[in-house]
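Note that the coordinates shown come from a computational prediction; the quantities given were computed from them, not determined experimentally.
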Amino acid sequence: YRDRDPDPEPEAELEDRYRDRPNVRRLQTRRGRDEFDDIFADGNRADRKTQIARIVADIAAKVRHLDIAITEDAEGANVLVKLVRDRDLYRTITTFYGSERAKEIKSSLDPQCLSGFRKNEKFEIERSDVILTVDNGDFVFLDCAYEELLQSLGPINDTDSVPWTM
């Protein structure tokens, strides 16, 4: 990536990459209801919080019927983006999901980032969590941020056979 462009702009490349992605366009059919998702970014890196705000604005501008925005109200947010150092990723996953589930996640996925959601009895998403590492470079951060935010807002199923999945 860096060999191609001496002054790389990973946000622009990722924006182009995700704008035309069929799964992103199909998300609009899954989210037709009048609901607003407030996203709270929790972490110490102001630069990464700024990037999250840009990504949220980008997704909101490109996906119809998806009303999302950054909030400063952690309690009122229904999407939490936890920004952590790479060395704290496993500990954070353990805090969110418990030690047994964290072991399963680590052994099966060995993730650089992670998202999950909780649903109600009607299978509607009530709350989502996104865990992103802040110190693995811009490309990894931005790639994970787009992917995990989008997955946290809809059913996770990387297939073109089901039109409303991610």
Side-chain angles (χ1 to χ4, degrees), residues 1-5 7-18 21 23-24 27 36-60 62-63 66-120 124-158 165-166:
Y1 174 75
R2 293 191 185 277
D3 293 338
R4 284 186 291 141
D5 187 352
D7 185 25
E9 295 182 32
E11 287 179 18
E13 181 177 323
L14 285 169
E15 182 178 312
D16 290 341
R17 179 174 150 195
Y18 280 93
R21 207 170 160 184
N23 290 341
V24 173
L27 180 61
F36 200 85
D37 287 304
D38 286 322
I39 300 170
F40 179 75
D42 181 21
N44 295 327
R45 295 270 307 264
D47 60 329
R48 295 301 192 196
K49 286 183 177 184
T50 299
Q51 288 173 312
I52 292 294
R54 287 183 189 144
I55 291 166
V56 168
D58 184 42
I59 293 169
K62 291 178 176 63
V63 181
L66 181 65
D67 295 318
I68 58 175
I70 292 291
T71 183
E72 295 300 318
D73 177 18
E75 296 298 318
N78 51 358
V79 179
L80 170 67
V81 178
K82 184 72 173 168
L83 304 171
V84 301
R85 294 176 297 189
D86 186 56
R87 70 180 186 197
D88 297 328
L89 178 62
Y90 182 67
R91 184 176 350 159
T92 304
I93 292 170
T94 302
T95 300
F96 276 60
Y97 300 103
S99 60
E100 286 304 311
R101 182 71 181 125
K103 287 177 191 174
E104 292 173 18
I105 290 169
K106 186 176 182 181
S107 67
S108 65
L109 299 175
D110 193 25
Q112 290 181 307
C113 47
L114 190 68
S115 64
F117 56 83
R118 286 170 291 294
K119 55 190 184 236
N120 63 22
E124 297 169 326
I125 298 170
E126 293 186 325
R127 182 162 174 85
S128 300
D129 299 306
V130 175
I131 305 170
L132 301 173
T133 57
V134 295
D135 54 355
N136 281 327
D138 280 343
F139 188 84
V140 170
F141 179 79
L142 295 168
D143 189 53
C144 279
Y146 271 97
E147 184 79 17
E148 301 304 332
L149 274 168
L150 287 166
Q151 287 184 357
S152 75
L153 296 166
I156 301 170
N157 187 355
D158 291 320
T165 63
M166 292 302 303

Quick one: are Leu80 and Phe96 in side-chain contact, heavy atoms under 4.5 Å?
yes
Enter the distance from Arg118:CZ to Asn78:CG here, rounded to the nearest 0.5 Å.
10.5 Å
Return the minimal non-hydrogen interatomic distance between Ser152 and Val79, and the atom names on each side.
OG-CG1, 4.1 Å
Below 4.5 Å, heavy atoms only, C-beta onward: do Ile59 and Tyr146 meet side chain to side chain?
yes
Side chains of Leu132 and Lys82: closer than 4.5 Å at any heavy-atom pair?
no
Atom NZ of Lys106 and atom OG of Ser99: how far apart are they, to the nearest 0.5 Å?
13.0 Å
Find out whether Val56 and Leu149 are in side-chain contact, i.e. whether some heavy atom of one side chain is under 4.5 Å from a heavy atom of the other.
yes
For residues Arg127 and Ala77, report the shortest heavy-atom separation together with the two atoms involved.
NH1-O, 2.6 Å
What one should report as the nearest heavy-atom pair of Ala53 and Ile70 is CA-CG1, 3.7 Å
Working to the nearest 0.5 Å, report the span between CG of Asp143 and CG of Asn136.
11.5 Å
Are a donor atom and an acceptor atom from the side chains of Gln51 and Arg48 found within less than 3.5 Å of each other?
yes
Would you say CG of Asp47 has more than 12 non-hydrogen atoms from neighbouring residues, nucleotides or ligands within 6.0 angstrom?
yes
Closest approach of Val140 to Gln112 (non-hydrogen atoms, all atoms of both residues)
CG1-OE1, 3.8 Å
Separation between CZ (Arg101) and CD1 (Ile93), nearest 0.5 Å, reads 10.0 Å
Look at the side chain of Glu148 and the backbone N and O of Ser115, then say whether any donor-acceptor pair between them is shorter than 3.5 Å.
yes
Scanning both residues in full, the closest heavy-atom pair of Phe141 with Ile52 reads CZ-CD1, 3.8 Å
For side-chain contact (heavy atoms from CB on, under 4.5 Å), just list the numbers for Val130 and Ile39, CA-CA rounded to whole Å, side-chain angles, deciding distance to a tenth of an Å, and then say yes or no.
CA-CA 10 Å; Val130 175; Ile39 300 170; over 6 Å; no
Side-chain contact test, heavy atoms from C-beta onward, threshold under 4.5 Å: evaluate it for Arg91 versus Asp88 and give yes or no.
yes
In sequence, state the C-alpha distance, the side-chain angles, and the governing distance for Lys103 and Tyr90, and then conclude on side-chain contact (heavy atoms from CB on, under 4.5 Å).
CA-CA 9 Å; Lys103 287 177 191 174; Tyr90 182 67; 3.3 Å; yes
Just how far is it from atom OG of Ser128 to atom CD of Gln151, taken to the nearest 0.5 Å?
11.0 Å
Do other residues, nucleotides or ligands put more than 12 heavy atoms under 6.0 Å from Glu72 CD?
no
Could you tell me the separation between the CG atom of Asp129 and the OG1 atom of Thr92, rounded to the nearest 0.5 Å?
11.5 Å
Any side-chain heavy-atom pair from Asp42 and Leu83 closer than 4.5 angstrom?
no
For Arg45, is there an ion pair with Asp135 - N to carboxylate O distance below 4.0 angstrom?
no
Does the side chain of Ile105 come within less than 4.5 Å of Tyr97's, by heavy atoms?
yes
Would you say the side chain of Leu153 lies within less than 4.5 Å of the side chain of Ile125, judging by non-hydrogen atoms?
no
Taking every heavy atom of Thr71 against every heavy atom of Asp38, the minimum-distance pair comes out as CG2-CB, 3.7 Å
